[in-house]
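A, B, ... follow the sequence lines: proteins, then strands. Residue 1 opens every chain.
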Amino acid sequence: MEYFIQQLINGVTLGSIYGLIAIGYTMVYGIIGMINFAHGDVFMIGAFISLIMFLVLGLIGITWIPFAILLVLIVTMILTSVYGWTVERLAYRPLRKSFRLAPLISAIGMSIFLQNYVQLLQGARVKPIQPIVEGGITLIQSDTFVVTISYLQIIIVLATFLLMSIFAYIISSTSLGRSQRACEQDQLMASLLGINVDRTISLTFVMGAALAAVASVLFVLYYGVIDFYIGFHAGIKAFTAAVLGGIGSLPGAMLGGLLIGLIETFWSAYFSIEYKDVAAFSILVLVLIFRPTGLLGKPEIEKV
Amino acid sequence: MKTNASIPLLTVEHLTMRFGGLVAIDDVSFTVQNAEITALIGPNGAGKTTVFNCLTGFYTPTVGRLTLNTGTRRYLLERMEGFHINKHASVARTFQNIRLFPNMSVLENLIVAQHNRLMRASWMTIGGLLGLPGYQKAQKQAVDLARYWLDKVELTDHADVDAGNLPYGAQRRLEIARAMCTKPVLLCLDEPAAGLNPKESAELNQLISYIKNEHRIGIILIEHDMSVVMKISDHIIVLDHGSKIADGTPEAIKEDPAVIAAYLGEEA
């Protein structure tokens, strides 16, 4: 039982990170119907920016941890958003009027480019960082097993739910969110009502990148090692999460992220760690067989 | 907005639209006055909707100049595209086949049309998230304007219903209300009475006349229903096969031999 609870805590933490990245996929898919394959690599860029920021802050002697984390979060969010915006501007916007597959191919190209760009500039070696947030709370102590929740895990889960609420609020009740939903339903009509569709799409990419940036800071804090290839792994998992939850649906992305995180963690804990990816993807296949639109996705109804 | 009566709100000069070898509109010129209803009529395929598409930036005319004069500024519509036409030149339109945002509530459909004012007030959302007073005020104004139009189109009781679930006639009225929420100086209505029953059609006449009389904006109307056209329009332009064949008051149009020929065929 204690073992189970511990795995549950670990799974929710991992799932939160996946969920944050998955939102970027699902928002972009919702508004322009395209899978942004470079999103995972934007996350990786964020991880490098936050690592560098932590080192810089350490060098100039800012060592009060809450302040340092906040500062890193803000800087990483801003810089990663600039990357997200630039990727959209350079690789997708010129292809908007082109055939459907063109931006998809361009996205894959962008993903390869970003990986190689970081590999060239930062080297291919794995980059470690010493643990920044340490300690935790012991929840249950039995003779054989101790269940702990680390402060970092608390931070991750809280930060995720806080951001999720803010973004859900933006989508549902602000002017930006309304125009995003309008563009999702009918871009032409939106532009006839004076909505700048291109800018709305850019802002969607910026929002997705900002959330990926938060995920990347949390990832760096949690795992402490990054390399230029983490974007691919995290991206594929988060994409799976978005599809599992129903692509295009915001709560779906979060639910999918949590499920993928839990499945991976429990599979590693009870069966074998080598096959955790197989387990996650098998569940995806099963869900898609019975619910092709994902768990919370709405089926697209063709009107005659 | 003050408008000089001698300068028309919209001046269309030598408008020509060719699609390859097909001439959809051939050298059409007309003017639209402020606070008047100008009807654009003609048999199927006469090029009426193409005129609208040129006015609202869907097509760039092959030849021609479309000048919108608001009294304070002059806009050349043929050089503008996309969202600029509504945002800057304040031209709004509705469609023959209704294009609401079906998954948004009726009220949201009207508020999304006021996007630009709200975005400015909320300083790109950030101010809105912080709840700045300027944004609160803009938000309240937006809701008030939406409520005003909901009341005018008799949809106040359905404010929270998804627009896609409204009955057909109500969707038509909502589309006009949404166009009005962008505060246009020129409103282009593409067959607003299509598919309405006689009672709904009569209510629509009242609504359009109300907009003309109370809001003093220019209205261009494409319509097949002659009872609507003859009753409410101040000025009628008749197109046939892409050319203008008549231009005048409803009384004059009714008697015009070219119009009768186009609609009923030549007398043997």
Side-chain angles (χ1 to χ4, degrees), chain A residues 27 30-31 74 77-78 81 85 93 96-97 162-207 210 248-250 296-304, chain B residues 52-53 55-58 81-95 97-105 107-129 131 135 138-139 142 162-164 175 178-184 188:
Chain A
M27 284 204 323
I31 198 158
I74 291 169
M77 276 172 92
I78 292 171
S81 301
W85 182 85
R93 193 185 292 184
R96 189 141 318 137
K97 300 247 154 59
L162 182 72
L163 277 164
M164 280 299 297
S165 333
I166 293 176
F167 274 73
Y169 176 78
I170 290 181
I171 299 290
S172 71
S173 326
T174 68
S175 195
L176 174 63
R178 264 190 299 270
S179 55
Q180 283 176 322
R181 280 179 291 145
C183 290
E184 194 178 318
Q185 291 176 37
D186 191 340
Q187 284 189 14
L188 199 67
M189 194 63 232
S191 82
L192 278 175
L193 292 173
I195 294 172
N196 187 338
V197 175
D198 279 336
R199 193 171 69 188
T200 307
I201 292 173
S202 286
L203 285 174
T204 309
F205 275 82
V206 165
M207 281 165 74
S249 149
L250 233 60
L296 299 180
K298 278 185 228 112
E300 249 176 58
I301 300 161
E302 280 292 322
K303 272 195 187 157
V304 187
Chain B
F52 269 27
N53 285 342
L55 281 175
T56 49
F58 279 31
E81 53 179 48
F83 70 98
H84 294 286
I85 290 194
N86 182 277
K87 188 179 177 184
H88 301 292
S90 310
V91 176
R93 83 173 275 188
T94 66
F95 284 85
N97 45 339
I98 300 170
R99 294 182 82 149
L100 291 166
F101 301 117
N103 299 331
M104 285 190 190
S105 75
L107 186 65
E108 274 188 316
N109 263 282
L110 297 183
I111 292 178
V112 85
Q114 306 177 53
H115 167 84
N116 284 315
R117 258 163 284 145
L118 282 171
M119 276 307 250
R120 246 195 324 276
S122 73
W123 200 69
M124 302 297 282
T125 307
I126 295 167
L129 279 181
Y135 176 70
Q139 177 93 341
D162 273 1
E175 214 188 8
R178 186 180 61 179
M180 286 309 296
C181 275
T182 65
K183 296 192 178 167
C188 308

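- Looking at A:S172, the atoms closer than 4.5 Å to chain B (heavy atoms on both sides) all sit in the backbone: N, CA, C or O.
- Side chains of A:M207 and A:I171 form a contact here, defined as non-hydrogen atoms less than 4.5 Å apart.
- Counting heavy-atom pairs closer than 4.5 Å to chain A, the top-ranked of the candidates B:T56, B:V91, B:N103, B:I111 is B:N103.
- Heavy-atom pairs under 4.5 Å with chain A were tallied for B:R99, B:K87, B:H88; the largest tally goes to B:R99.
- Both the sub-6.0 Å distance and the 45° axial angle are not jointly satisfied by A:R93 relative to the ring of A:F205.
- Put simply, the side chain of A:D186 never gets that close to the backbone of B:F101: no donor and acceptor are under 3.5 Å apart.
- Rounded to the nearest 0.5 angstrom, B:H115 NE2 and A:T174 OG1 are separated by 9.5 Å.
- Of the listed residues B:R93, B:R178, B:H84, the one with more heavy-atom pairs under 4.5 angstrom with chain A than any other is B:R178.
- Looking at B:T182, only its side chain comes within 4.5 Å of chain A, counting heavy atoms on both sides.
- Checking A:Q187, A:R181, A:Q180 one by one against A:T200, the side-chain contact (heavy atoms from CB on, under 4.5 Å) holds for a single residue, A:Q180.
- No part of B:Q114 comes within reach of chain A, as not one of its non-hydrogen atoms sits under 4.5 angstrom from that chain.
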